[in-house]
2 protein chains.
Amino acid sequence: MSTEGILQNIARYVDLTSWEQQALSALLSTRTLEKRDFLEHPGHVCHHQTYVVQGALRSYLIADDGSEHTVQFAIEDWWISDFNSYIAQEPATLHVEAIETTQVLQLHFNDAEQLCRDYPRFERYFRLVAQKAFAFAQKRMLTNLSMDAETRFIRFNELYPSIVQRVPQYALASYLGMSAEFLSKVRKRTLRS
Amino acid sequence: MSTEGILQNIARYVDLTSWEQQALSALLSTRTLEKRDFLEHPGHVCHHQTYVVQGALRSYLIADDGSEHTVQFAIEDWWISDFNSYIAQEPATLHVEAIETTQVLQLHFNDAEQLCRDYPRFERYFRLVAQKAFAFAQKRMLTNLSMDAETRFIRFNELYPSIVQRVPQYALASYLGMSAEFLSKVRKRTLRS
DNA sequence: TAGTTTTCTTGAACCAGTTCATTTTTTGCC
DNA sequence: GGCAAAAAATGAACTGGTTCAAGAAAACTA
């Protein structure tokens, strides 16, 4: 099982002993998804946090009017879930779906909590990750509040060119808070000049 | 010094020993702000996390065109800061300003980190708080992506009526992602019916 | 490699929300 | 209580972005 990636990721935040590394590895389960397979569904409690080894996933809401709104993309080395469902262990509202063939590692909520209890370093790791995620979410909010659609696309394209390449445009549009048609026009405009 | 509130808040997440409670209390500093006083300024590193004992604060960005965008409100029993600046210890981009006379408790970044190292329960507390904050931020993002201005106001008014009462309307508008003028019209419409 | 499905593009009509300018109301303060 | 400053309301003109409908291009599938 390929846990090197995830262990390296964690090593950027905390130094795990090899015993701790083993404890984690023992709890991770591998899973492979084909494009359009779902990892989570609205109405079902999200029991796992999912780490992407290879591939790309996206979480999104389908609103009452049928429109889709992307909450998150996850490519290699990112965690994804319906996070609210995961931490509260309440029914999910989001879909988590594979954008391409994807290999993931999953950690069950109960196991993650147990790890945190048993080993302070895991508690620390998940604290630091959550804090970073929160800061990121606030930045995104601010970007959407303060910048127009074109600027939002240009920025995102600078920051995450690899996601722009790999993800369907309608999904990116719904992440950036504009219609797919408008993103198409914006791309034409900006990539021309 | 009035630390009962904050200790109760923490007790909702973890059980602190009285020794741990004392360790925290010793590190907290009280501060009183008048309306329009600033707690943080863009360009200065945000060294503290601030807990509101009594009063109301708001954090916001001033964009290049001079427009204000509210990131967060904090009333009694909430934490506030320029969170990105705080966790990365980088210069802030946000203002944190008192909306009314406000009494706060402040915890220095270094002290918070030390507490986390010394006492796993603090690490746990800050993990749980950060996770909840992240889930909240994702929900807010989704609300802004998927609902129109009027619905956003109605929802916010249902969830946080006390904030709607206490906060200037232009600040609320900039939090909800609409112009102050439009919020004024929306209010008229919805409060009439 | 033809046929099917999915995604992307394009243009025209439209509208939710903005902007600007002005007036009214509320708040604070000596 | 009276004056100044800040906040809220109001209306008219405008615009950034949406919606709808239709066609073109990619991407799968057999």
Side-chain angles (χ1 to χ4, degrees), chain A residues 33-37 55-56 58 60 62-70 73 95 97-101 143-157 163-192, chain B residues 33-37 55-56 58 60 63-70 73 95 97-102 143-157 163-192:
Chain A
L33 303 162
E34 294 307 315
K35 184 172 178 175
R36 265 168 221 128
D37 281 354
R58 106 186 226 254
Y60 60 96
I62 299 189
D64 297 340
D65 67 352
S67 59
E68 290 184 7
H69 302 277
T70 299
F73 295 111
H95 298 262
E97 186 185 344
I99 289 173
E100 50 189 70
T101 303
T143 300
N144 272 36
L145 289 175
S146 67
M147 291 154 73
D148 67 16
E150 179 165 338
T151 314
R152 263 150 36 219
F153 167 69
I154 292 171
R155 257 180 66 104
F156 190 88
N157 191 41
I163 292 184
V164 176
Q165 307 303 320
R166 286 166 76 171
V167 142
Q169 270 185 59
Y170 65 84
L172 178 57
S174 81
Y175 178 91
L176 292 175
M178 66 189 84
S179 68
E181 294 92 333
F182 196 66
L183 176 57
S184 169
K185 286 160 197 174
V186 160
R187 281 184 89 236
K188 192 180 168 191
R189 241 188 273 162
T190 66
L191 301 180
R192 170 155 38 77
Chain B
L33 303 163
E34 295 307 316
K35 184 172 175 172
R36 266 168 221 130
D37 281 354
R58 104 185 227 256
Y60 60 96
D64 297 340
D65 67 353
S67 59
E68 289 185 7
H69 302 276
T70 299
F73 295 112
H95 299 262
E97 186 184 346
I99 289 173
E100 49 189 69
T101 303
T102 301
T143 301
N144 273 37
L145 288 176
S146 67
M147 291 155 74
D148 66 17
E150 178 164 340
T151 312
R152 259 144 45 211
F153 168 68
I154 292 171
R155 257 181 66 104
F156 190 87
N157 192 41
I163 291 183
V164 176
Q165 307 303 319
R166 288 165 76 171
V167 143
Q169 269 184 58
Y170 64 84
L172 178 56
S174 82
Y175 178 90
L176 292 174
M178 66 189 84
S179 69
E181 293 92 332
F182 195 67
L183 176 58
S184 169
K185 285 161 199 175
V186 160
R187 282 183 89 237
K188 192 180 170 190
R189 240 187 275 162
T190 65
L191 301 181
R192 170 159 35 81

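Note on naming: letters A, B, ... go to the chains in the order of the sequence lines (proteins, then strands), and numbering restarts at 1 for each one. Please read all numbers here as calculations on a predicted model, not as lab measurements.
In this structure, B:Y170 reaches the sugar-phosphate backbone alone: every heavy-atom distance under 4.0 Å involves primed, P, OP1 or OP2 atoms, never a base.
Rounded to an integer number of Å, the gap from B:R36 CZ to D:dA5 P is 12 Å. Summarising the geometry, the separation between CG on A:D148 and P on C:dT18 is reported as 14 Å, rounded to the nearest angstrom. Separating the CD atom of B:E34 from the P atom of C:dG28 is a distance of 12 Å, rounded to the nearest angstrom. Atom CZ in A:R152 sits about 10 Å away from atom C1' in D:dG16, given to the nearest Å. In this structure, CD of B:E100 is placed 16 Å from C1' of D:dA7, rounded to the nearest angstrom. Atom pair A:L183:CG and C:dT9:P shows a separation of 8 Å (rounding to whole Å applied). Nucleotide C:dA13 holds its P atom 17 Å from the CD atom of A:E181, rounded to whole Å. Across the protein-nucleic acid pair, B:F182 atom CZ and C:dC15 atom C1' stand 11 Å apart, rounded to whole Å.
Nearest-nucleotide mapping onto DNA chain C: of B:K35 and B:S179, the residue sitting toward the 5' end is B:S179. In this structure, A:A171 and B:A180 both approach DNA chain C, and ranking their closest nucleotides by distance from the 5' end singles out A:A171.
Taking 4.0 angstrom as the limit, A:R187 places none of its side-chain polar atoms (N or O) nearer than this to OP1 or OP2 of C:dC8. OP1 or OP2 of C:dT9 sits under 4.0 Å from a side-chain N or O of A:Q169.
Of the possible polar contacts, one joining the A:R152 side chain to the A:G177 backbone as a donor-acceptor pair under 3.5 Å is found. A:T190 contributes a side-chain N or O that, together with a main-chain N or O of A:V186, makes up a donor-acceptor pair within less than 3.5 Å. For the pair B:T70 (side chain) and B:S174 (backbone), a donor-acceptor distance under 3.5 Å is absent. The backbone N or O of A:A171 lies less than 3.5 Å from no partner atom in the side chain of A:R58, so there is not a single donor-acceptor pair.
Here D:dG11 is the nucleotide among C:dG17, D:dG17, D:dG11 with the atom lying nearest to any side-chain atom of B:K185.
Using cut-offs of 30° and 60° on the angle between ring planes, the pair B:Y60 and B:H95 is parallel.
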